[in-house]
Peer 1: 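Below is one structure. I have some questions about it.
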Amino acid sequence: MKLLQGKTVLVTGGSTGIGRAAAIGAAKAGADVAINYRSSSAEAESCIAEIEAAGQRGLAVQGDVADPAVAGEFIAKAVEGFGKVDVMVSNAGICPFHSFLDMPVETVQRTMNVNLLGGYFMCQAAARQMVEQGHGGAIVAVSSISALVGGEYQTHYTPTKAGLHSLMQSAAIALGKHNIRCNSVLPGTILTEINKDDLADMEKRARMEARIPLGRLGAAEDLAGPIVFLASDMASYVTGAALLVDGGAFVNLQ
Ligand SMILES: C[C@@H]1O[C@H](O)[C@H](O)[C@H](O)[C@H]1O
């Protein structure tokens with residue numbers, strides 16, 4: 001039996017990058033998948049086409065996760081379409097690299113509202129639905145290696161990733177009694193839309209690559225397996241955990 005056979009999986013920020021890879025990976029693992037996306041309906045539609053090509057049902061729901069109301073709407077649409085919610089992959093996030101001393105207030109607020117508050121409200125809305133359903137569930141937050149280390153141009157971003165990691169630890173305690181597992185994945189430097197401009201700086205890219213024992217930047221698909229595992233019953237006794245998916249970058253001091 002496929003790892004997510006018969007499950008309904010929700011992914012925020014599911015039209016591109018890690019979210020898209022998680023959505024398609026979940027479909028290939030036997031799940032019906034609903035994705036939330038903010039802007040590009042063309043990318044959302046092509047993601048749904050890949051989910052259906054994997055033999056599963058797909059649903060795309062537009063919404064900006066920074067708006068607390070969007071979480072409840074996404075859950076309601078998924079239940080309307082698929083009847084239940086088994087897994088929430090809270091992935092939507094931004095990282096507008098910017099120097100600290102002249103960081104605009106709007107950039108800090110937007111990053112916190114999307115990455116941390118957006119993640120909070122999505123996980124809470126999913127948990128409420130799962131508790132109502134009464135048959136447990138799984139929540140996977142896409143945090144980052146940046147929950148554990150800093151970034152000169154990421155002073156507004158790394159606290160949000162540390163916050164998501166911490167949210168999963170506390171939610172794991174709050175939801176254990178409902179058999180809802182809460183874990184985070186901590187991607188390293190994964191080449192996607194979020195950092196393609198930043199890594200267009202070849203000197204920086206070479207420096208980042210040199211720090212990775214596996215010798216390459218990550219691809220979005222590298223996160224699909226770890227997310228599917230944490231979402232599946234194979235991880236039935238795993239909660240409150242954080243899984244680094246970084247090619248070894250974090251441990252590589254020397
Ligand atoms: C934008 C992206 O964010 C990740 O969390 C990590 O910090 C990467 O190094 C960066 O390229």
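Just the heavy atoms: all of them, side chains too, but no hydrogens, waters or symmetry mates, feed the values below. Both counts, for ligands and for their atoms, begin at 1 and track the order of listing.
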Peer 1: Who are the side chain to side chain contact (heavy atoms under 4.5 Å, CB included) partners of A76, not counting sequence neighbours?
Peer 2: none
Peer 1: As a test of reading the model: which N/O atoms of the protein lie under 3.5 Å from N/O atoms of ligand 1, and at what distance?
Peer 2:
residue  : atom   : partner : partner atom : Å
ligand 1 : 3 (O)  : Y157    : OH           : 3.1
ligand 1 : 5 (O)  : S144    : OG           : 2.5
ligand 1 : 5 (O)  : Y157    : OH           : 2.6
ligand 1 : 7 (O)  : S146    : OG           : 2.6
ligand 1 : 7 (O)  : Q154    : NE2          : 3.1
ligand 1 : 9 (O)  : T189    : OG1          : 2.7
ligand 1 : 11 (O) : N195    : ND2          : 3.0

Peer 1: I'd like to know if R216 pairs up with D222 as an ion pair, taking the criterion as any Lys NZ or Arg NE/NH1/NH2 lying under 4.0 Å from an Asp or Glu carboxylate oxygen.
Peer 2: yes
Peer 1: May I have the list of side-chain donor-acceptor pairs in residues 7-14 shorter than 3.5 Å, sequence neighbours left out?
Peer 2:
residue : atom : partner : partner atom : Å
K7      : NZ   : D233    : OD1          : 3.3
T12     : OG1  : N91     : N            : 2.8
T12     : OG1  : A92     : N            : 2.9

Peer 1: Which pairs pass salt bridge (charged side-chain N to carboxylate O under 4.0 Å, His left out) with one or both residues in residues 23-32, sequence neighbours excluded?
Peer 2: D32-R57
Peer 1: Is it true that a side-chain atom of D86 and a backbone atom of G137 form a donor plus acceptor pair closer than 3.5 Å?
Peer 2: no
Peer 1: Ignoring hydrogens and geometry, is there a side-chain-to-backbone donor-acceptor pair from S232 to M234 under 3.5 Å?
Peer 2: yes
